[in-house]
Amino acid sequence: MPEMPEVETIRRTLDDKVTGRKILRVGMLLPRLVKWPSPGEFQALVTDTVITWLARRGKYLLFYLDSGIVMVVHLRMTGRLFVQTEWTDDRFARIVFELDDAKRLVYADSRTLGTLYAMPEAELWRIAGLHTLGPEPLSPEFTPGYFREKLRGRKGKIKALLLDQKVIGGLGNIYVDESLALAGIHPERAADSLREEEAAKLYGAINTVIEQGIQYGGTSFRDYRDGEGGRGSNQHHLSVYGRKSQPCKICGTPIAKGEVAGRGTHYCPNCQK
DNA sequence: ACGAGCACCTGTGTGC
DNA sequence: TGCACACAGGTGCTCG
């Protein structure tokens, strides 16, 4: 579900609610979501520690603890992370952290595909997807030159490349479709077929789309909610995603939906070449 | 390098 | 109303 703008919004809305808080107890309602170490060890590592810093890399959230341990959460498709003020039960609560201010940090997840980890900072390499994560949009490492280099010699489809977290960290299906739409590039184009100016335009579009996503607090179609349980509003500002058969905002042509790189893909057949 | 297929899971919307 | 089926914002694996 959540891509970089959603995870960043969660981080921002959660930050002041969890930073400085002590975790008193961890309720393991669905232990198998913990991938490292064992669920029991995870529980022991996290209990009785103070959250000192909440960080994000790509789609990963990192809770730095005063013990030197980092708890890492990846929400995959339907994970949600929020602080509960009242003690109401969430139907999909899976891991519950009781905090020292009588509130609860809840990890909820309907499809249960999300993953949690806990380990010393020096061992974060154990999380392969985090270790190999490429530079993020809007970061100093994500330069036009870097992007151009990554396109070179890549015969695969541009959409597949943009979804590859090793190339760019944080893009997902929504923002890839939106980036390609904004740049006027067809999702099935071979990555290395982009002309210089097309690559430059796509580079800019990626940053623009991600920035806008964060500005509007993420895209809430169904499951996504921020750290306070609120909805984002970026779904009202999309060009193509979720707009099948609706008129393109530029030319009026109905938005098409097909499958590219194994994912549902929205695009304007007229504007994107 | 690349793509296809599948696996992990469950909920929801759609068409009959 | 009930049922079968498609589809979902992600990632990681195998196989050719």
Side-chain angles (χ1 to χ4, degrees), chain A residues 1-10 29-36 56-61 72-81 90-95 107-117 126-134 149-180 187-193 209-210 212-214 216-226 231-245 257-266:
Chain A
M1 125 194 159
E3 308 176 33
M4 180 181 153
E6 287 73 38
V7 181
E8 175 60 18
T9 301
I10 291 171
L29 281 58
L30 190 59
R32 67 171 167 78
L33 298 188
V34 173
K35 303 305 173 185
W36 186 273
R56 179 194 56 76
R57 284 171 64 191
K59 302 172 193 173
Y60 291 86
L61 276 170
V72 181
V73 180
H74 193 301
L75 289 69
R76 295 290 179 108
M77 295 289 268
T78 51
R80 287 178 289 132
L81 204 47
D90 188 290
R91 182 182 170 201
F92 300 115
R94 308 301 187 191
I95 310 281
Y107 178 76
D109 193 340
S110 63
R111 286 177 71 182
T112 71
L113 294 171
T115 51
L116 293 87
Y117 314 78
R126 292 185 186 280
I127 307 171
L130 179 59
H131 189 61
T132 60
L133 196 66
E149 276 303 304
K150 286 296 171 183
L151 296 180
R152 188 185 297 181
R154 297 290 291 249
K155 306 292 183 194
K157 292 170 184 172
I158 185 63
K159 169 150 183 171
L161 181 124
L162 296 183
L163 284 171
D164 186 345
Q165 302 298 297
K166 295 189 282 300
V167 177
I168 304 172
L171 290 183
N173 208 29
I174 296 177
Y175 295 96
V176 164
D177 279 5
E178 291 296 307
S179 299
L180 290 167
E188 296 193 280
R189 286 274 300 280
D192 72 351
S193 76
V209 154
I210 291 293
Q212 182 198 290
I214 295 172
Y216 287 114
T219 305
S220 290
F221 270 115
R222 11 177 357 112
D223 303 288
Y224 163 69
R225 297 292 183 273
D226 66 26
R231 299 170 68 94
S233 62
N234 196 49
Q235 62 276 18
H236 304 305
H237 303 274
L238 299 175
S239 302
V240 291
Y241 191 90
R243 299 193 64 246
K244 180 185 174 186
S245 304
K257 185 181 178 195
E259 188 181 302
V260 180
R263 311 293 301 276
T265 299
H266 305 74

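For clarity, every value in this text was computed on a predicted model and none was experimentally measured. Protein chains get the first letters and strands the later ones, always in sequence-line order, with residue 1 at the start of each.
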Discussion item. Of the listed nucleotides (B/dG3, C/dG9, C/dG10), which one gets closest to any side-chain atom of A/E6?
Written reply: C/dG9
Discussion item. From CG of A/D226 over to C1' of C/dG9, roughly how many Å is that when rounded to an integer?
Written reply: 16 Å
Item to complete: Measure from CG on A/L33 to P on C/dG10 and round the result to the nearest Å.
Response: 18 Å
Worksheet item: Can you name the closest pair of heavy atoms from A/K59 and A/M4 and give their distance?
Response: CG-N, 4.2 Å
Discussion item. Quick one: does any side-chain atom of A/R56 pair with a main-chain N or O of A/G58 as donor and acceptor, under 3.5 Å?
Written reply: yes
Discussion item. Do A/T132 and A/Q165 have side chains that approach each other closer than 4.5 Å (heavy atoms only, starting at C-beta)?
Written reply: no
Discussion item. Between A/E6 and A/T219 (side chain of the first, backbone of the second, donor and acceptor by atom type, cut-off under 3.5 Å), is there such a pair?
Written reply: yes
Discussion item. Just so I know, are the side chains of A/L33 and A/T112 near enough to count as touching, which here means a heavy-atom distance under 4.5 Å?
Written reply: yes
Fill in: Parallel, tilted or perpendicular, as decided by the 30° and 60° cut-offs, for the rings of A/Y241 and A/H266
tilted
Worksheet item: A/T115 near the nucleic acid: base, sugar-phosphate alone, or nothing, with a heavy-atom cut-off under 4.0 Å?
Response: nothing
Fill in: Any side-chain heavy-atom pair of A/F221 and A/L238 under 4.5 Å
yes
Worksheet entry | Stems where DNA chain C pairs, listed by first number, each of three or more Watson-Crick or G-U pairs under 3.5 Å | B:2-8 with C:10-16, B:10-16 with C:2-8
Discussion item. What is the separation between atom CD on A/E3 and atom P on C/dG10, rounded to the nearest whole Å?
Written reply: 5 Å
Worksheet item: A/E188 CD to B/dC2 P: how many Å, rounded?
Response: 16 Å
Worksheet item: Are any non-hydrogen side-chain atoms of A/L75 and A/I10 less than 4.5 angstrom apart?
Response: yes
Item to complete: Measure from CZ on A/R80 to C1' on B/dC9 and round the result to the nearest Å.
Response: 15 Å
Worksheet item: With side chains defined as the heavy atoms from C-beta onward, is the minimum distance between A/V167 and A/R154 less than 4.5 Å?
Response: yes
Write out a two-atom table: protein N or O, nucleotide N or O from nucleotides 11-16 of chain C, distance below 3.5 Å.
from	atom 1	to	atom 2	distance (Å)
C/dT11	OP1	A/H74	NE2	2.9
C/dT11	OP2	A/K59	NZ	2.8

Discussion item. Tell me whether A/N173 contacts the main-chain N or O of A/G264 through its side chain, where contact means a donor paired with an acceptor under 3.5 Å.
Written reply: yes
Fill in: Rounded P spacing from C/dG9 to B/dT14 in Å
16 Å
Worksheet item: Want to settle it: does A/R154 or A/E259 sit nearer the 5' end of DNA chain B, counting the closest nucleotide to each?
Response: A/R154
Worksheet, complete the sentence: Whole-Å distance, A/I168 CD1 to C/dG10 P, equals 14 Å
Worksheet entry | Lys/Arg N to Asp/Glu carboxylate O, A/K150 vs A/D164, below 4.0 Å | no
Item to complete: Answer whether the closest heavy-atom distance between the side chains of A/L162 and A/I168 falls below 4.5 Å.
Response: yes
Response to the item:
From NZ of A/K157 across to C1' of B/dA1 the rounded distance in Å is 14 Å
Worksheet entry | Side-chain N,O (A/K257) to OP1/OP2 (C/dA8) below 4.0 Å | yes
Pairs under 3.5 Å (N/O, protein and nucleotides 10-16 of chain B):
from	atom 1	to	atom 2	distance (Å)
B/dT12	O4'	A/R222	NH2	3.2

Fill in: Rounded interatomic separation in angstrom, taking OH from A/Y241 and C1' from C/dG10
12 Å
